[in-house]
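Everything on this sheet refers to the single structure shown next.
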Amino acid sequence: MRVLVTGGAGFIGSRVVRALAAHGHEPVVLDALLPTAHADPPPPVPGVERITGDVRDREVVAAALRGVDAVCHQAAMVGLGKDFSDAPDYVSCNDLGTAVLLTAMAEAGVPRLVLAGSMVVYGEGRYTCPEHGAVQPGPRSAARLRAGGFDPLCPRCGATLRPGLVTEDAPADPRNTYATTKLAQEHLAAAWARTTGGSAVSLRYHNVYGPGMPRDTPYAGVASFFRSALSRGEPPTVFEDGGQRRDFVHVDDVAEANVRTLEAPRERSGFTAYNTGSGEPHTVGEMAAALAEAYGGPDPVVTGEFRLGDVRHITASSDRIRAELGWRAGISFAEGMREFARATMRSPVPV
Ligand SMILES: NC(=O)c1ccc[n+]([C@@H]2O[C@H](COP(=O)([O-])OP(=O)(O)OC[C@H]3O[C@@H](n4cnc5c(N)ncnc54)[C@H](O)[C@@H]3O)[C@@H](O)[C@H]2O)c1
Ligand SMILES: [Zn+2]
């Protein structure tokens, strides 16, 4: 299968490219090599065609789609960004980019899309109140966060909530610009699938980590901040009280999930979302400690700082993808963190 991998020079995309090639497919990369993602553009994967171009450029995309059977759409601006002024760039890259890509796919008759989705579409995740059952807490107030009240409370009675596992049919509740653009990508993909009879699958990745992860920019993930601090000889600094629950999934597991989705028989048209996580929730504090120990660096420091757009807990059930596509993560937290502590990160992180 010839597969166009947008964002194929990125952290996840480049591993998807390798996994596709390893499974005997023919990946083609389209990547704009954004300066926010790459201080130095990475070398192309040997033997794989790489087109330097933007998914918002109709002509470039139309040319890149020639002879392609499916598109694996990883290109996006990622992370929380600096502040709200980044919004036009996020919307342009992620949503205009997806719209241009889908239009070109419709014109070229490419029937199949796998989208790099994200758990950020769920917002604060899923909680139960001892009194009121399943509830959806609203955004956390700055005043409460400043006072160290990190856990969301029941919107009806104010009780402490128990975090649970989010399933794909949980209501969407994006809490920042990036999350909003990731949700809009899914809606665009669903609209495309409906009108063209194509099939679109969004793999809602959880916190992806692993070799080649970008250095600590405002656009990177928490594992990268910790790892970068350790390589500078500093302790990882953990926000809030370190009790934030996440699902950390290894980049090679995510790459395999993409291959598995592309190889699955195309039984149905339309849009489907799959949570793509390890199924093994851990706290951010546990991750910092595991990395510091494996690296042989100083113990993490818990700072009580917070970022307004962050959610407290988000852990998913990845049962649907296991049941329907037969994928499950193969790399455990302990094994993955040991490897990540020593892995090379994307330059120019000093290691
Ligand atoms: N890293 C995570 O934990 C995580 C979690 C959930 C979802 N995702 C999604 O996975 C995908 C890949 O993320 P990543 O972590 O590998 O990020 P990354 O920044 O390493 O890779 C993204 C790549 O896309 C390219 N790109 C961005 N905009 C482009 C455009 N308009 N045209 C062409 N290329 C463009 C960049 O140059 C970069 O190489 C993104 O869609 C992201 O939203 C990532
Ligand atoms: Zn309640």
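All heavy atoms count here, side chains included; hydrogens, waters and symmetry mates do not. What you are looking at is a predicted structure, and each value in this text was computed from that prediction instead of being measured. Each ligand, and each atom within it, is numbered from 1 in the order the structure gives.
Side-chain atoms of His73 never come within 3.5 Å of backbone atoms of Leu115 as a donor-acceptor pair (strictly under, hydrogens ignored). In this structure, Asp252 contributes its side chain and Arg15 its backbone to no donor-acceptor pair below 3.5 Å. A donor-acceptor contact shorter than 3.5 Å is absent between the side chain of Gln136 and the backbone of Ala170. For Gln185 (side chain) and Gly117 (main-chain N/O), no donor-acceptor pair under 3.5 Å exists by modelled atom type. Looking at Arg342, its side chain does come within 3.5 Å of a backbone N or O of Tyr295 through a donor-acceptor pair. Of the possible polar contacts, one joining the Asp247 side chain to the Ser278 backbone as a donor-acceptor pair under 3.5 Å is found. Of the possible polar contacts, none joining the His23 side chain to the His25 backbone as a donor-acceptor pair under 3.5 Å is found. Using a distance-only test at 3.5 Å, with no hydrogens or angles considered, no donor-acceptor pair links the side chain of Asn275 to the main chain of Arg204. Remark: the backbone N or O of Ala343 is paired with a side-chain donor or acceptor of Arg227 at under 3.5 angstrom. Side-chain atoms of Arg126 do not come within 3.5 Å of backbone N or O of Thr315 as any donor-acceptor pair.
The closest approach between His206 and ligand 1 falls below 4.0 Å for a heavy atom of the residue. Gly97 does not count as a contact of ligand 1, since none of its heavy atoms falls under 4.0 Å from the ligand. Within the 4.0 Å heavy-atom cutoff, Ser14 does not count among the residues contacting ligand 1.
The atoms of ligand 1 that sit less than 4.0 Å from any heavy atom of Arg56 are 31 (N). Listed by number with element, the atoms of ligand 1 under 4.0 angstrom from any heavy atom of Gly7 are 23 (C), 24 (O), 25 (C). Within ligand 1, the atoms closer than 4.0 Å to a non-hydrogen atom of Ala116 are 9 (C), 10 (O), 11 (C), 41 (O), numbered from 1 in the order shown. Within ligand 1, counting atoms from 1 as listed, the ones closer than 4.0 Å to a heavy atom of Ala75 are 24 (O), 26 (N), 29 (C), 34 (N), 35 (C). Set against the non-hydrogen atoms of Gly117, the atoms of ligand 1 under 4.0 Å away are 6 (C), 7 (C). With ligand atoms numbered from 1 in the order given, ligand 1 contributes 40 (C), 41 (O), 42 (C), 43 (O) to contacts under 4.0 Å with heavy atoms of Lys182. Per-residue contacts place Ala9 under 4.0 angstrom from the following atoms of ligand 1 (heavy atoms of the residue considered): 39 (O). Near Leu34, meaning under 4.0 Å from one of its heavy atoms, ligand 1 places the atoms 27 (C), 28 (N), 37 (O).
Proximity of Thr6 to ligand 1, defined as any heavy-atom pair under 4.0 Å, is not found for any part of the residue. Counting heavy atoms under 4.0 Å from ligand 1, residue Tyr209 does not touch it at all. Contacts between His38 and ligand 1, counted as non-hydrogen atom pairs separated by less than 4.0 Å, involve the side chain only. Contacts between Met119 and ligand 1 below 4.0 angstrom, taking non-hydrogen atoms only, are absent altogether. Of the heavy atoms in Val78, only side-chain atoms (C-beta onward) come closer than 4.0 Å to ligand 1.
Remark: minimum distance from atom 21 (O) of ligand 1 to any protein heavy atom is reached at Gly10 CA, 3.4 Å. What sits closest to atom 37 (O) of ligand 1 on the protein, heavy atoms only, is Asp31 OD1, 2.7 Å. Scanning the protein for heavy atoms near atom 32 (N) of ligand 1, the closest one is Val55 N, 2.9 Å. Nearest protein heavy-atom contact of atom 8 (N) of ligand 1 is Tyr205 CD1, 3.6 Å. Protein heavy atom nearest atom 19 (O) of ligand 1, with residue, atom name and distance: Ala37 CB, 3.5 Å. Of all protein heavy atoms, the one closest to atom 34 (N) of ligand 1 is Ala32 N, 3.0 Å. Counting only heavy atoms of the protein, atom 16 (O) of ligand 1 lies nearest to Ile12 N, 2.8 Å. Atom 15 (O) of ligand 1 has its closest protein heavy atom at Phe11 CD2, 3.6 Å.
One option in Met77, Gln74, Arg204 has a heavy atom closer to atom 12 (C) of ligand 1 than any other, and that option is Gln74. The heavy atom nearest to atom 31 (N) of ligand 1, considering only Val249, Asp54, Leu33, is found in Asp54.
A heavy-atom distance below 4.5 Å is not found between the side chains of Cys154 and Glu131. Looking only at side-chain heavy atoms (C-beta outward), Tyr127 and Arg312 come within less than 4.5 Å of each other.
Each of Leu96, Val61, Val110 was evaluated against Leu101; a single residue qualifies, Val61, per the side chain to side chain contact (heavy atoms under 4.5 Å, CB included) test.
Environment of CZ in Arg58: sparse, with no more than 12 heavy atoms of neighbouring residues, nucleotides or ligands closer than 6.0 Å. Heavy atoms from other residues, nucleotides or ligands lying under 6.0 Å from CD of Glu293 number 12 at most.
Checking Ser92 against Arg56 by side-chain atom types alone, a donor-acceptor pair falls below 3.5 Å. The closest side-chain donor-acceptor pair between Gln74 and Asn258 falls under 3.5 angstrom.
For residues 99-117, no residue pair satisfies the side chain to side chain donor-acceptor pair (under 3.5 Å) rule, not counting sequence neighbours.
Using bins of under 30°, 30° to 60° and over 60° for the plane-to-plane angle, the ring pair Phe248/Tyr209 lands in the perpendicular bin.
With a cut-off of 2.8 Å, the protein N/O/S atoms near the Zn ion (ligand 2) add up to 4.
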